[in-house]
Amino acid sequence: MKTLSQTPRIRQTPFSERVEEAGVKAYTVYNHMLLPTVFRTPHEDYKHLKSAVQVWDVSVERQVELVGPDAARLIQMTTPRDLSRMQNDQCYYIPNVNQFGGIMNDPVAIRLDDDRYWVSLADSDMLFYYMGLAAGFSLDVEVFEPDVHPLAVQGPLANQLIERVFGQDIVDTRFFRHKTIEFNGQKMIIARSGWSLQGGFEIYMEGWYNGIPLWDTLFEAGKDLDVYAGCPNGIERIEGGMLSYGSDMTMAHTPFDCGLGKFVHFEGAAECLGMEALADADQHAREICPIEIEGPPIGTPARPWRVIGENGTYAGRIASCAHSPDFQANVAIGMIEQDFISPDMNLTVFCEDETEGRACKIVEKFWLR
Ligand code: THG
């Protein structure tokens with residue numbers, strides 16, 4: 001592929017200068033913003049993420065802020081997950097669905113106050129949807145994109161780095177809870193979360209002026225921990241079974257298709273606009289499956305790969321794949337039709353421009369769970 005022409009529409013971030021200096025090798029575009037994908041090589045980045053600590057510019061996790069008396073009602077309209085017991089220091093993974101039960105996004109919701117939330121988006125334009133609902137239902141709520149830029153600290157040594165910079169009380173934050181830190185005179189939300197299985201934190205930095213100081217402080221404090229710039233790693237997140245919206249799942253899929261049925265609460269989340277459709281949906285039509293693909297190492301699909309069964313009929317699609325050094329295999333995430341879900345099934349996948357199909361099989365579970 002040729003390089004992308006940069007324009008103001010593909011937004012830079014408060015950390016972009018340091019990301020470039022760290023030697024970023026490739027970007028993708030996510031929520032109209034640059035997201036690094038490789039620093040050294042995917043394999044080196046992977047090994048390092050699993051052994052040290054990385055700082056990730058995940059400013060692309062754009063927030064939709066909902067504030068006002070109807071904020072709780074609005075957010076519940078978009079998700080089948082029951083939010084009624086969510087505390088003001090909690091984060092929830094909330095699949096967002098439309099009125100047909102199709103997934104529109106799979107954000108992390110952050111409750112900041114009784115009447116104030118951030119919805120930390122995956123890659124789709126949910127700001128407009130939230131604005132549309134607020135207008136259409138005449139809700140008493142403000143909806144906007146705040147100037148917030150998440151910075152993730154991920155890896156086995158993340159606790160040590162965070163302890164040095166923000167103290168033990170922050171390290172004691174439980175999974176998917178948040179606290180407030182003060183950096184350079186500015187208050188910031190920090191949560192124990194992040195798009196890796198290695199564990200760590202996400203700092204929600206508001207504005208631009210503390211971007212470079214925050215980055216530099218983390219790197220200065222983590223020198224002897226081998227802290228390095230990183231990014232969500234394609235290999236690690238497939239091993240961990242973290243789904244990528246727009247790739248592994250799209251609006252054509254329901255939460256049931258995506259293994260997210262546990263977040264569909266027919267009783268507690270009746271206000272969700274997709275609930276009737278989800279009640280009627282076939283809960284076993286297809287499913288996200290961990291898959292191993294035979295043959296030489298192969299990278300991630302540029303477009304979904306077609307999977308067929310023994311008789312040549314459509315069996316599903318694979319939209320994420322990577323070669324895992326630790327498992328010595330091509331690990332992939334597939335959306336597989338029910339009739340083909342069995343470890344004994346002989347499946348064939350057509351990878352990118354390869355004319356010969358490759359054998360692939362559903363494996364029992366994601367490798368690290
Ligand atoms: N952090 C924040 N915003 C985000 C992401 C993030 N927005 C985009 C993207 N990532 C959204 N998708 C996910 C997918 C999975 C998880 C978080 C965001 C995740 N899942 C855990 C798991 O699968 O083990 C826990 C889910 C739960 O039990 O609640 O962390 O990473 N700010």
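Whatever order the structure lists ligands and atoms in, that order sets their numbers, starting from 1. In this text, all values refer to a predicted model and were calculated from it rather than measured experimentally. Heavy atoms only: backbone and side chains are in, while hydrogens, waters and symmetry mates are out.
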**Request:** Work out whether the distance between some heavy atom of Arg81 and some atom of ligand 1 is less than 4.0 Å.
**Result:** yes
**Complete:** Quick look: Leu121 vs ligand 1, heavy-atom contacts under 4.0 Å, and the answer is backbone
**Request:** Report yes or no: do Asn88 and Asp114 form a side-chain donor-acceptor pair below 3.5 Å?
**Result:** yes
**Fill in**
Heavy-atom proximity to atom 13 (C) of ligand 1, picking from Tyr245, Tyr92, Tyr93, Tyr30, points to Tyr93
**Asked** Non-hydrogen atoms of Ser193 versus ligand 1: any pair closer than 4.0 Å?
**Response** no
**Asked** Within a strict 4.5 Å, meaning less than it, do heavy atoms of the Ile291 and Ile293 side chains meet?
**Response** yes
**Asked** Considering only heavy atoms, does Phe176 approach ligand 1 within less than 4.0 Å through its side chain, its backbone, both, or neither?
**Response** side chain
**Message:** Within 45 degrees of the ring normal and closer than 6.0 Å to the centroid, is that where the cationic atom of Arg81 sits relative to Tyr92?
**Reply:** yes
**Main-chain N/O of Ser244 paired to Asp248 side chain as donor or acceptor, under 3.5 Å** = yes
**Request:** Provide the number and element of each atom of ligand 1 under 4.0 Å from a heavy atom of Met242.
**Result:** 15 (C), 16 (C), 19 (C), 30 (O)
**Asked** Heavy-atom contact under 4.0 Å between Tyr204 and ligand 1?
**Response** yes
**Asked** Is the closest side-chain donor-acceptor distance between Tyr46 and Asp326 under 3.5 Å?
**Response** yes
**Asked** Heavy-atom contacts under 4.0 Å between His178 and ligand 1: side chain, backbone, both, or neither?
**Response** neither
**Asked** Are any of the side-chain heavy atoms of Asp45 and Val38 separated by less than 4.5 Å?
**Response** yes
**Request:** Using a cut-off of 6.0 Å, state whether more than 12 heavy atoms not belonging to Phe128 lie near its atom CZ.
**Result:** no
**Message:** One residue to check: Val108. Relative to ligand 1, which of side chain, backbone, both or neither has a non-hydrogen atom less than 4.0 Å away?
**Reply:** side chain
**Under 4.0 Å to a heavy atom of Ala122 - the qualifying atoms of ligand 1, by number** = 7 (N), 8 (C)
**Prompt:** Is a salt bridge present between Arg73 and Asp140, judged by a nitrogen-to-oxygen distance below 4.0 Å?
**Reply:** no
**Item:** Test item: Lys50 and Pro156 side chains (from C-beta on) under 4.5 Å apart, heavy atoms
**Value:** no
**Request:** Check ligand 1 against Gly194 and write out every atom of the ligand that is under 4.0 Å from a heavy-atom position of the residue.
**Result:** 31 (O)
**Request:** Please confirm whether Trp118 comes under 4.0 Å of ligand 1, counting heavy atoms of the residue only.
**Result:** no
**Asked** Considering only heavy atoms, does Trp56 approach ligand 1 within less than 4.0 Å through its side chain, its backbone, both, or neither?
**Response** neither
**Message:** Regarding ligand 1, does Asp106 bring an N or O atom to under 3.5 Å of one of the ligand's N or O atoms?
**Reply:** yes
